[in-house]
Amino acid sequence: MNKKITGIRGMSDLLPDETPLWQFVEGVLRRIAAGYGYREFRVPVVERSELFKRSIGEVTDIVEKEMYTFEDRNGESLTLRPEGTAGIVRAAIENGLLHNQKQKLWYTGPMFRYEKPQKGRYRQFHQFDVEVFGYDGPDIDAELILMTARMWQELGIKDVELQLNSLGTPASRTAYRDRLVEYFAAHRDSLDDENRDRLHRNPLRLLDSKLPEMQPLIAAAPQLTDSLDTVSAEHFAGLQELLTAAGVVFSLNPRLVRGLDYYTRTVFEWVTDKLGAQGAVCAGGRYDGLVEQLGGRPTPAIGWAMGLERLIEMVKLAETPVPAGNPDVYLVAVGEAAGRQALLLAEDLRTALPQYGIEVNAGGGSFKSQFKRADKSGARLAVILGADELANEQAGLKNLRHETEQQTVAWQDLIAAIDGELTTD
RNA sequence: GUGGGUGUAGCUCAGCUGGUAGAGCCCUGGAUUGUGAUUCCAGUCGUCGCGGGUUCGAGUCCCGUCUCCCACCCCA
């Protein structure tokens, strides 16, 4: 035997036993997004490296040490997308979707970050994202959050909590940044090397530090909310009012700053304590300056992203019932002639009853072994074809989930009999 | 990148102080000459993560390396 080739670290295979759960979750998200009037957008997983540097920010961890960046055969620097927003903004500008238009969009797919794998954190992971362009008021901020709340409800997820903050405009954010640098610089001695480094590179991130000895310092730091400009403050108040009216419970977290540079004004996170150290299940916010920064006209924008792996874990914990994806009918056919006939019969059944899944036994086997497979397939009904049935142009019909007596049905009556049995079931 | 744990059959795991591997599940066949999910019987499945070292002898001890898990960091 040759040496095994293994998969890539942090990139997992999704086995057939797990895909029904994924399909269920993705289906709920798609349906709800479409129901709110959002349309799907699909863009490539590879973009020019420059795109992410300019949008996410040069000094963020993502850009500095987590990107899968490589040169293609032309010597161009390309990067596997570490997040989705940048590519969507690029493509929306490039295709004219933002030219005197508003857009409500969603998309889903794999993202790539070179991190050390951990619970809820992988090198290839999947997101479901929503992005909105051209809406300035807090009503759309509220709608985005209401949409996520509905998603939790339909997925059966309970242990999540909404945290809100406002980062203000770029100008008020810069003003706050300066105050913060001043404050922490005065306490320089109590910072470790890493945080001292951050002080100049990305001071807002200091507020996120989990170091226990940092906590008193952070608690006493100037609050971003106090530096907020009036327009942002009004917007933020408007959002809170709408959420309260809609019955959405939230808490204000003045230290919620987000790790990507492009966020402005509203930011929010749905967090949980059920997933180990990775608490954010869904996060997002406004990025009013990004479109312009990437070469488009000034356009207000807001979006959020859900981590599907984390979402799936939450759905598992909630034990939400998931449709199994079994066939409804399993054709048992013993003998070569019966096997041939079963294949044809099954095609007729599929044409007449497209709403049902119909699996035909393949690979032969005794009645006993074929019934075992029928049971394992999860089918509710077995259609039986042996030499006797073949000779009489009949089939046996057995309900595998109830103790009812097996029927014998003529081929021309089979469609009606199966339909009857499955609908009364 | 740093730290802790881990790796034995397809899966879940046992294997005491070194003497060339075992259980349950799964799968296959049978008990029942054409009927599953229960029961009973039988059978298949392993370069013991990989490489090196110590030893007469290594799944077991030592070193290296990789995987997976968890935490730091960071984030969805």
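In what follows, chains are A, B, ... by sequence order, proteins preceding strands, each numbered from 1. Just so it is clear, the model here is predicted, and its values are computed rather than measured.
- Protein atom CZ of A/R113 is 18 Å distant from nucleotide atom P of B/G1, rounded to whole Å.
- Dashed line: the shortest gap from a side-chain N or O of A/R9 to OP1 or OP2 of B/C68 is under 4.0 Å.
- Among B/G34, B/A71, B/A76, the nucleotide with an atom closest to any side-chain atom of A/F125 is B/A76.
- Residues A/T272 and A/M314 approach most closely at OG1-CE, 3.5 Å, considering heavy atoms.
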Please list each protein N or O that sits under 3.5 Å from an N or O in nucleotides 2-5 of chain B, with the distance.
residue	atom	partner	partner atom	Å
B/U2	O4	A/K116	NZ	2.8

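- With A/E309 as the fixed residue, the side chain to side chain donor-acceptor pair (under 3.5 Å) test singles out one of A/H126, A/K119, A/R121: A/H126.
- Scanning all heavy atoms of the two residues, the minimum distance from A/A346 to A/V360 falls at CB-CG2, 3.2 Å.
- Of the residues A/E40, A/E131, A/E143, the one that meets the salt bridge (Lys or Arg N to Asp or Glu O under 4.0 Å) test with A/K104 is A/E143.
- Atom NZ in A/K65 sits about 11 Å away from atom P in B/C73, given to the nearest Å.
- A/Q124 and A/F112 get closest at one heavy-atom pair: NE2-CE2, 3.2 Å.
- If you measure from atom CG of A/L381 to atom P of B/U35, you get 19 Å, rounded to the nearest angstrom.
- Between the side chain of A/E66 and the base of B/G1, no donor-acceptor pair under 3.5 Å is found.
- One finds no side-chain N or O of A/K368 lying less than 4.0 angstrom from the OP1 or OP2 phosphate oxygen of B/U28.
- Within 4.0 Å of A/D129, counting heavy atoms only, lies no atom of the nucleic acid at all.
- As judged by a 4.0 angstrom heavy-atom cut-off over every strand, A/G284 is placed among residues making no nucleic acid contact.
- When the P atom is compared between B/G34 and B/G59, the two are found 49 Å apart, to the nearest whole Å.
- Protein atom NZ of A/K398 is 10 Å distant from nucleotide atom P of B/A37, rounded to whole Å.
- Remark: P of B/U32 and NZ of A/K372 are 15 Å apart, rounded to the nearest angstrom.
- Among the atoms of the strands shown, only primed sugar atoms or phosphate atoms (P, OP1, OP2) are found under 4.0 Å from some heavy atom of A/G10.
- Of the C1' atoms belonging to B/C26 and B/C45, the separation is 11 Å, rounded to the nearest Å.
- Nucleotides B/G3 and B/U44 place their P atoms 47 Å apart, quoted to the nearest Å.
- Using P as the reference atom, B/G10 and B/U54 are 32 Å apart when rounded to the nearest Å.
- Classified by interplanar angle (parallel below 30°, tilted 30° to 60°, perpendicular above 60°), the ring pair A/F128/A/W106 is parallel.
- Atom P of nucleotide B/A76 and atom CD of A/Q118 are separated by 15 Å, given to the nearest angstrom.
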